[in-house]
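Quick caveat: nothing in here was measured; it's all calculated off a predicted structure. Chain identifiers are assigned alphabetically (A, B, ...) following the order of the sequence lines, protein sequences preceding nucleic acid strands; residue numbering begins at 1 within each chain.
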2 protein chains.
Amino acid sequence: MENTLDLIEDNLDPATLAAELTHEHVADIAEALNEQEPETASEVIALLPLEQAVDVMDQPELDLSAEFVAALPAERVLALLSGMSADRAATLFRELEEPARSNLLARLDPETAASLKKLLSYPSHSAGSIMTTEFVSVPSTWSVEHTLRHIRQVERTRETVYAIYVLDPEKRTLVQAVGLRRLISADLHAPVLSAARGSRPVTVSPFTDREEVARLISKYNLLAVPVVDEMGYVLGIVTFDDVIDAILEESTEDVQKFGGMEALDEPYMEIGFGKMIKKRAGWLCALFVSEMLTASAMQHFETELEKAIVLTLFIPLIMSSGGNSGSQATSLLIRALALREIRLGDWWRVALRELPTGLTLGAILGVVGVLRITAWQLLGFYDYGVHWPLIAATVGAALVGIVTFGSLSGSMLPFLLQRIGFDPASASAPFVATLVDVTGLVIYFSVAILILQGTLL
Amino acid sequence: MENTLDLIEDNLDPATLAAELTHEHVADIAEALNEQEPETASEVIALLPLEQAVDVMDQPELDLSAEFVAALPAERVLALLSGMSADRAATLFRELEEPARSNLLARLDPETAASLKKLLSYPSHSAGSIMTTEFVSVPSTWSVEHTLRHIRQVERTRETVYAIYVLDPEKRTLVQAVGLRRLISADLHAPVLSAARGSRPVTVSPFTDREEVARLISKYNLLAVPVVDEMGYVLGIVTFDDVIDAILEESTEDVQKFGGMEALDEPYMEIGFGKMIKKRAGWLCALFVSEMLTASAMQHFETELEKAIVLTLFIPLIMSSGGNSGSQATSLLIRALALREIRLGDWWRVALRELPTGLTLGAILGVVGVLRITAWQLLGFYDYGVHWPLIAATVGAALVGIVTFGSLSGSMLPFLLQRIGFDPASASAPFVATLVDVTGLVIYFSVAILILQGTLL
């Protein structure tokens, strides 16, 4: 792998690069091409032997950027498309622009064109958009021997042959899924269904979310899951490696969204400056404008601020505690909802858990806060004035209220988002913090008025 | 699946539950048992037919809690252990307490006991801790036919037979990995190596981190990756389904850590109240104590605060902007480092990208902030006093400085953590916000002194 990286630094011309790369593993070739300019990468693809070029194009890691696809000669694209797996061919097509897209579609054989059009029609992140149509299916009337002979013939053109889908000979609907490992141990003359397990096959619809597909593949330890339509006809299969790629991508998106920005669809070092600003500035401005409410809240309590300026000292401390406890609760609930540990209807159970949790956490921080103020006062580090015990009490009581409010609203936000049709993972740490900040200020000053009325206020 | 869930609500006795569950898919049985009290679950396992009980115990989803394992009769545990896959047996053993653990180990056959001890010796999250020792290996002197015959014999006792590991007949070191799909299409009388691809097999060490294993399996589209020691001897294999489980778990841990807490090792609804408080209170207190520095910073600028109380109105707004931009940058870098898009040595490249990004984002927010103050003043919503243009300038300039500082420190924090040997994913949104808050206050007041000197201050 060190070799491959060395090549990149040297910036060789495409011909030399192609000659050097041809001995590498296809995954390493894909990685090396990602590091090149799109034009260089497409020249290398044009120079590699066709079969190897197809294998490289089939790597989900290869970045099929619009520039890269546009730089490929049309003849080469046609040759590649007929060899590539259907899901990757669809990914390539998504990057093509008109009129190149329609021109190419017209020159493809009608069967490939029809199946491509179908794949392109499914929404992104759906099972339909990541499935492949190269799977093995046999009628249930075949014997084990006949099936094995068939597998040997088609092995090179199928993404996987380890799961075999047995169809009704008349209606061509899915009857059973059989594993190759059972098949090779079965009696050769027995019907293919003799190697099947008893239970009904696990299936998904083309519109099933890819995260749900991942959950099923993981739960049932499947190599692939068939995608079937309402009639029970198998449209394609989603394999475990597509799912691993999907989970890794999804988990990057989730962390970025939780960090308070739009998910990037490209690696950090490759995304352009303008695009990076766009993905970050949107949420940053939205949060900034919402956070302006804190300035309004502060203006509202101006009289109290002027009378007891000592209160301002603890504003950052108190506000951040609300945000932090909210961020903890949100992260917990985003994952619990994503992993289906908790359903939408469980919101009140969660609220009943977060209420005592928030109260306890708030009490802990409250005690620490009171101790801090007492210590500074008694040790002479700072003079909070004659009413310092009341100020300490204000900070302590406000912390209990704010941390409880933070935990509660942080845990309810993902439910609310899911309820109104958004991804619960759109709830971000900065979003929760902003939500909690304004209320935090109101809680703080209300507690202050209650406790300090007649003394400082 | 609805049926399984209905059963849970009814709280049937173990015998009825076992009788009902025996017809379900093992993954569904595991899910149903997770919902039961540990004692009920272990009674059900004791009542199920042994072969099915072993299959259920082999489900990575089944929660092997200490109470559940402790409630199983010793005889049953022995019978289960000899049937279970080695990696799950090790997981079960980890939950046992002394003296039960040593007693059981003494009663196991020496071979199983030795391989268990070995597995238990690897650190958690390592390839060694999730590998299984039930794989197919054959000497390179065997023919394709001999290998296939061997596979048919051992199929039922191996976690996967789709990857076959060909060993040196003398040294028993790994020579090649062969896929079953190539094997069944190969000439029966040819040597087994004729079905191998040319490239060297991808391997990992038992100490490789499971995230790295996932990355390799995903990159090379492998069903399993062999774990080899320094001598080239195959210790076990990690299969794709172990990796999917590991990635899902890892991504939950990452989101929870990013939310500013210790990762939970149990589902949200199952974890005890005390444990939940412990996992959350630690970080919350640490952040709270660090955030106390903001109170000290405010005390330091007390004179300025008293003279220009109008400055306090914007403190929450300005501080949160720094935290938000920092949280964005941290989320980006955590994932880029985890996916190996960026290496430790790239820190200066990242800094060179974040500097102009932070300046631009800060300028955008600065303009919005200045417009807000100007609008409120001119529309008569609030009177910031005669020097309001200077206050607007202070807020705008401070925002540029704070957002730039937030982006820079947020992006550098994951590098710093990795450099000193921590997981970069330990950097959390609240952590970054706390880091940025104190500096943010200092920046704000320094800018204020610079701009307002001689007028308000």
Side-chain angles (χ1 to χ4, degrees), chain A residues 25 27 152 155 161-162 181 185 199 218-221 240-241 244-245 247 251-252 255-256 258-261 267-268 276-277 280-281 284 287-288 291-292 294-295 298-299 305-306 309 312-314 316-317 319-321 324 327-328 331-332 335-336 341 357 360-361 364-365 372 382 429-430 437, chain B residues 25 27 152 155 161-162 181 185 199 218-221 240-241 244-245 247 251-252 255-256 258-261 267-268 276-277 280-281 284 287-288 291-292 294-295 298-299 306 309 312-314 316-317 319-321 324 327-328 331-332 335-336 341 357 360-361 364-365 368 372 382 429-430 437:
Chain A
H25 190 290
R152 284 190 198 104
E155 189 264 317
V161 299
Y162 294 136
R181 59 186 293 176
S185 318
S199 48
S218 154
K219 178 175 172 190
Y220 294 106
N221 295 331
F240 74 91
D241 49 308
I244 293 183
D245 296 325
I247 306 178
S251 108
T252 299
V255 169
Q256 291 175 351
F258 191 63
M261 56 181 295
Y268 176 83
M276 173 76 94
I277 295 289
R280 286 163 76 164
L284 216 50
L287 293 168
F288 184 74
E291 190 76 25
M292 280 178 178
T294 57
M298 299 273 280
Q299 285 164 18
L305 271 176
E306 271 167 15
I309 207 157
T312 60
L313 301 182
F314 303 103
L317 184 61
M319 277 182 26
S320 69
S321 301
N324 293 349
S327 153
Q328 289 188 336
S331 73
L332 279 173
R335 288 307 299 177
E341 288 171 11
T357 307
T360 312
L361 292 173
I364 295 174
L365 293 196
R372 154 72 161 72
Y382 192 82
D437 277 355
Chain B
H25 190 290
R152 282 188 200 106
E155 190 265 317
V161 299
Y162 294 137
R181 58 187 294 176
S185 319
S199 47
S218 152
K219 178 175 171 190
Y220 294 105
N221 295 332
F240 75 92
D241 49 307
I244 293 184
D245 296 324
I247 305 178
S251 108
T252 299
V255 169
Q256 290 174 352
F258 191 64
M261 55 182 294
Y268 176 83
M276 173 78 94
I277 295 289
R280 287 161 77 165
L284 217 51
L287 294 167
F288 185 75
E291 190 76 25
M292 280 178 179
T294 57
M298 300 273 279
Q299 285 165 19
E306 269 167 18
I309 206 157
T312 60
L313 302 182
F314 303 103
L317 183 61
M319 276 183 25
S320 70
S321 301
N324 293 349
S327 152
Q328 289 189 336
S331 74
L332 279 173
R335 288 307 298 176
E341 288 171 11
T357 307
T360 311
L361 292 172
I364 295 175
L365 293 195
V368 177
R372 155 70 162 73
Y382 192 81
D437 277 355

*asked:* Quick check on B/Ile309 against chain A: is it the side chain, the backbone, both or neither that has a heavy atom closer than 4.5 Å?
replied: side chain

*For each of A/Thr252, A/Ile244, A/Asp241, A/Thr294, tally heavy-atom pairs with chain B at distances under 4.5 Å, and name the one with the top tally.*
A/Thr252

*Are side-chain heavy atoms of B/Ser327 and A/Phe258 found at a separation under 4.5 Å?*
no

*Atom group of B/Ile247 that falls short of 4.5 Å from chain A, counting heavy atoms*: side chain

*Specify whether A/His25 and B/Tyr220 have parallel, tilted or perpendicular ring planes, treating 30° as the upper limit for parallel and 60° as the lower limit for perpendicular.*
perpendicular

*chain B heavy atoms under 4.5 Å from A/Met276: which part of the residue, side chain, backbone, both or neither?*
side chain

*Checking A/Leu284 against chain B: side chain, backbone, both or neither under 4.5 Å from a heavy atom?*
both

*B/Met319 versus chain A, heavy atoms under 4.5 Å apart: side chain, backbone, both or neither?*
side chain

*In terms of heavy-atom proximity below 4.5 Å to chain B, should A/Asp437 be classed as side chain, backbone, both, or neither?*
side chain

*Counting only heavy atoms closer than 4.5 Å, note whether A/Arg335 contacts chain B via side chain, backbone, both or neither.*
side chain

*Which atoms of A/Ile364 come close to chain B, meaning under 4.5 Å heavy atom to heavy atom: side chain ones, backbone ones, both, or neither?*
side chain

*Interface moiety of A/Thr357 toward chain B, non-hydrogen atoms closer than 4.5 Å*: both

